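Side-chain atoms are counted along with the backbone in the values below, which use heavy atoms only and exclude waters and symmetry mates. Just so it is clear, the structure is predicted and the values come from calculations on it, not from any experiment.
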Amino acid sequence: MANLQVKEGMEEQFELGFKTAGQYISSIEGYRGHTLKKCLEHKNKYLLLVNWDSVEAHEVGFRKSEVYLKWKALLHHYYEPFPTVEHYSTVLDNSF
């Protein structure tokens, strides 16, 4: 999970870049899907939820890969401040 604070006025460019960046993260072994949500109260805040098989799939498989460098080049310049990423396990899932 990452709370993303995008520089004001760059939301549209960020969203376009994120669509492209999705192909990179989805190519990693252990990736199970992602959701990007936009805050309704603050137009430049987003919530990124990525489902991984394990923390290692994210921190080693993705972050130490060549495709991470492409992801980073597309997205990291939009963040202010840089997001903190945390890992969670599911306790209860009542989704449809």
Would Y78 and F82 show up in the same hydrophobic cluster when neighbours are defined by side-chain heavy atoms closer than 4.5 Å? yes

Salt bridge (Lys or Arg N to Asp or Glu O under 4.0 Å) contacts in which one or both residues fall within residues 41-52, not counting sequence neighbours: none

Distance (rounded to the nearest 0.5 Å) between R63 CZ and E56 CD: 13.0 Å

What donor-acceptor contacts under 3.5 angstrom involve side-chain atoms of residues 5-17, with partners at least two apart or in another chain?
from : atom 1 : to  : atom 2 : distance (Å)
K7   : NZ     : H77 : O      : 2.9
E11  : OE1    : G9  : N      : 3.2
E11  : OE2    : G9  : N      : 3.3
E15  : OE2    : K38 : NZ     : 3.1
E15  : OE2    : Y46 : OH     : 2.6

Got a list of side-chain donor-acceptor pairs under 3.5 Å for residues 22-31, not counting sequence neighbours?
from : atom 1 : to  : atom 2 : distance (Å)
Q23  : NE2    : T20 : O      : 3.2
S26  : OG     : G22 : O      : 2.9
S26  : OG     : Q23 : O      : 3.2
S27  : OG     : Y24 : O      : 2.7
Y31  : OH     : H34 : N      : 3.2
Y31  : OH     : H34 : ND1    : 2.5

Can you tell me how far the CG atom of L4 sits from the CG atom of L36, to the nearest 0.5 Å? 6.5 Å

Validation row: V85, M1 side chains within 4.5 angstrom (heavy atoms): no

Smallest heavy-atom separation, A21 atom then L75 atom, equals CB-CD1, 3.7 Å

Got a donor-acceptor contact below 3.5 angstrom from the T90 side chain to the D93 backbone? no

So, do L47 and L49 sit near enough that their side-chain heavy atoms are less than 4.5 Å apart? yes

Mind running side-chain contact (heavy atoms from CB on, under 4.5 Å) on H58 and V50 for me, showing each step along the way? CA-CA 9 Å; H58 174 231; V50 182; over 6 Å; no

Closest non-hydrogen atom pair, N3 against P83: O-CB, 3.2 Å

